[in-house]
Each structure stands twice: as structure tokens, then as C-alpha cells.
2 protein chains.
Amino acid sequence: MKNPTANPVIGQGAENLLFLTDEQIRGGIEAFFFAYRAFTSDPDEILEGMDYGRAHHRAMHFIARKPGLTVSDLLDILGVTKQSLNRVLRTLLKDGLVESRVGQRDRRERQLFLSETGAALEKRLSEAQRARVRAAYRAAGPQAVAGFRQVLEAMMDEAGARRFREMRRQDAAE
Amino acid sequence: MKNPTANPVIGQGAENLLFLTDEQIRGGIEAFFFAYRAFTSDPDEILEGMDYGRAHHRAMHFIARKPGLTVSDLLDILGVTKQSLNRVLRTLLKDGLVESRVGQRDRRERQLFLSETGAALEKRLSEAQRARVRAAYRAAGPQAVAGFRQVLEAMMDEAGARRFREMRRQDAAE
DNA sequence: CTTGGAAAGTCAACAAGGCTGACTTAAAAT
DNA sequence: ATTTTAAGTCAGCCTTGTTGACTTTCCAAG
């Protein structure tokens, strides 16, 4: 027997009946967990053996995404301390994958860019990850993808959602 | 201008036109990243200050889910080494949150159960997490939730998907 | 009944990637 | 001229992952 203390939504159509049961929610939680693991595994495997890790990938992703963003922009997006980010950024700069230029509007700032080799690595990582997402999108169909995005956006916290929308908004203007 | 080298799907209806562009895929990747961060933050905050972390939460989640599962079951689900899991399990056993009993069918195995206090903590953590997912589900609607689940399942790797389906399958039989 | 292998547990050592706190330098703002 | 901000650095700590080596207990096949 299913858990009798669960919390079915009353008075809805049959297709909605199980929509918000604890059972259903827990299924979503576990699916999220397994999917996220697969999602991060592809770039992780490529990085395996190189002197870089997931943190380097994330930094490069957002630098590729918004070339010229400042260190504080990146700190804000990634939500880590500057000491954590700095450790990552330092090796990327030293190895010539990322370039840092004195800020245009404010010379205290440093604007970050990928070098050619940095861009090449970022592309390789990001293409591995995109391949998985693209395959999942194809398999699930446009309707499902729309739902996927809706749920993800509703799940973000305020700060994350703000950053996400901000990033998307700027894209549209380009 | 949007990236002209992107990869639009040709010859589909307008609603599908942007479905598989790199732009769209990248948006999904970033949404996934931000949403997963929020998703883990609630239990993390509760654990903050206690002597436990996310790894303890994960172990307790799956023990709560399948009481009596063996250590190797758990290793398989979590996908970590037994040394990693053991460190976590050891503290949970020592603190009396988890109980381990000699296996029924095979006395080499250890079956894992939550104690009353363990179940109480697990419930607290899991309810915090469910609250966020439930709110997102409610906001997005049943249709979106179905799509969300479809995409997640399509994104899992084979091993993960097998474990996930296995877990769900057993539920249905109960 | 012995022996080989599986399940669990342990020790030691290491790496990645988070964190805090304290402090410096350069440049902007007041 | 002084204060504040952006960046960077050093040192030390924690969690959670990894390998490799080894033990104990127990099942199962020869």
C-alpha cells in the first residue's frame, strides 16, 4: 500500500491526482539527483587527468558566456568566496587559458577573457555537456523541454533567479 | 545578433525553431546549475553547524527510502567508494542515527535502518527539500512537471537510469 | 571440508574545492 | 586627504571524494 499519510491533491482530474504527493515529489528529487550526476560527468571525464576540475570548467563557462565580465561578476554568479575563485583563476591565468585586462570603466576591476586555447578547451567541455542535454531534449520533445525549464526556473532561489534572468535578458539585447 | 553559427533545426514549426539551438541548450545548462544549487541549499542550511553534511543527508535519504538495504546497495546507488561511504556511515552509526543489522539472507551483509532520531532528522531535511520542489511543481503546473521528469530521465546515464527505474519499480509493487 | 571469493570494515595518504580571517595594493569616491 | 572598493594573497581548516593495502566474516563450489 502507498503511504496513507501522503498528501494527495483533492478534487482534481485523475491525471493530477498524484501530482503533489510526497511520493511524486520524492521521485522528482531522486530524478534530479541522478540526472545532475550524469550532467556533470561528461566534462569531468575530459578534465580527468588534466590539472583542472569542475570549478575551472564553471569559471570558463561563464567567462565564455560573458567575455569581459569582472571578477566580482563571476564571484556573484558562482556564489563562492574570492579565495576559492582566485585559486582557480590563478591557475587558468598562469596557464594562459584566461586573460585578465584592466577594467575599462574602472581600473580597479579586472575583465576576464578566454584565450584561444582557453576557448578551445571550454568548447570541448561545453560540447560534451551540450551533447547530453541535446540528446535528452530530443528524446523528450519540445513540450517536455518547456516544462523542464519552467520547473527549474521556479525552483531557483531569488538570488539565483535574478542572476539567471539578468544573464538571459542581456543576451536578448545582443 | 544571435550567434549565426548556431544550429537551428530546419523545417519545423515556429514553436520548435529554437528548440535545439546552442543558445537554448546553454540556457538549459545554466538553469540546471542554478536550480540544483537552490535545491541542495535547504538541507545544507539545516545541517550547517551540526556535525553532518550533504553526504550524510544522501545516505539517510536512501536508507529512509529503502529500509533494510545493504551497504553494497547503497554504494551502488550513491556511486562513491566504500571508504567514502564508510566514513559517513560510521558517524551515523556511532551517533545512533542509523542502525545496522546482520543480513537475513546472507550474514555477511549489513542491512541499514534509521533509528527514531535518524528518521526525525531525515524527515526534517527531506521536508525542507520537498517544500521547494513542491512549490516549484505548484508554480509550474502538472504539464510542466511531466516534462521536467521526462527530460531528467532522458538525461541520466544508463547505470543511473537503471537504478532509478529499479527503485521506482519496487515501489509500485508495495 | 577446504578453499576461493564476496561483503564489510579499517588505516593511511592524498586531492579538489569549499570556508574563515587577516592583510596588501591600487584606484575610485567622498 | 581620507575612506571605501576591487582584487589578490597567505595560512589554515573542513568535507567529501579518491587509491591502495589489509583483515574478518561468511557463503558456496569443488
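Excluded from the calculations below are hydrogen atoms, water molecules and symmetry mates; all remaining heavy atoms, backbone and side chain alike, are included. The chains referred to below are lettered A, B, ... by the order of the sequence lines, with proteins before strands, and numbering in each begins at 1.
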Worksheet item: How close or far is atom P of C:dG17 from atom CD of A:Glu48, stated in whole angstroms?
Response: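 The distance from CD of A:Glu48 to P of C:dG17 comes to 12 Å, rounded to the nearest Å.
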Worksheet item: Rounding to a whole Å, what distance do you find between B:Met50:CE and D:dT15:P?
Response: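 Those two atoms, CE and P, are 14 Å apart.
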Discussion item. Pick the closest DNA chain C nucleotide for A:Arg110 and for A:Tyr52 by heavy atoms, then say which residue is nearer the 5' end.
Written reply: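 Final value for this comparison: A:Tyr52.
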Worksheet item: Which residue, B:Thr70 or A:Gly53, contacts DNA chain C at a nucleotide closer to its 5' end, judged by nearest heavy atom?
Response: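 Counting from the 5' end, the first nearest nucleotide belongs to B:Thr70.
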Practice prompt. With B:Glu166 as reference, evaluate B:Arg162, B:Arg163, B:Arg169 under the salt bridge (Lys or Arg N to Asp or Glu O under 4.0 Å) test and give the passing residue.
Written response: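 The residue from B:Arg162, B:Arg163, B:Arg169 that satisfies salt bridge (Lys or Arg N to Asp or Glu O under 4.0 Å) with B:Glu166 turns out to be B:Arg169.
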Worksheet entry | Flag, side chain of B:Arg132 to backbone of A:Met155, donor-acceptor distance under 3.5 Å |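 Yes; judged by distance alone, with no hydrogens or angles, the pair exists.
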Fill in: Mutual orientation of the aromatic rings belonging to B:Phe39 and B:Tyr36 [parallel < 30°, tilted 30-60°, perpendicular > 60°]
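Taking B:Tyr36 first and then B:Phe39, their aromatic rings sit tilted (interplane angle of 30° to 60°).
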Worksheet item: Where does the angle between the aromatic ring planes of B:Tyr137 and B:Phe148 fall among parallel (under 30°), tilted (30 to 60°) and perpendicular (over 60°)?
Response: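 The arrangement is perpendicular - the two ring planes meet at more than 60°.
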Worksheet item: Would you say a side-chain N or O of B:Ser72 is under 4.0 Å from OP1 or OP2 of C:dA8?
Response: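 Checking B:Ser72 against C:dA8: at least one side-chain N or O falls below 4.0 Å of OP1 or OP2.
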Practice prompt. Mind jotting down which residue pairs meet the side-chain hydrogen bond (donor to acceptor under 3.5 Å, both in side chains) criterion with at least one end in residues 81-93 of chain B? Sequence neighbours excluded, please.
Written response: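 Sorted pair list: B:His56-B:Thr91.
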Fill in: Donor-acceptor pair under 3.5 Å, B:Arg108 side chain vs D:dT25 base
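Counting by modelled atom types and ignoring angles, no donor-acceptor contact under 3.5 Å is found here.
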Discussion item. Return a single string for nucleotides 18-24 of chain C, one symbol per nucleotide in 5' to 3' order, where B is base contact, S is sugar-phosphate-only contact and - is none, cutoff 4.0 angstrom on heavy atoms.
Written reply: BBBBB--
Worksheet item: Going by the ring-ring contact (aromatic ring centres under 6.0 Å, His included) test, which pairs reach into residues 108-134 of chain A, not counting sequence neighbours?
Response: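 Every pair satisfying ring-ring contact (aromatic ring centres under 6.0 Å, His included) with a residue in residues 108-134 of chain A: there are none.
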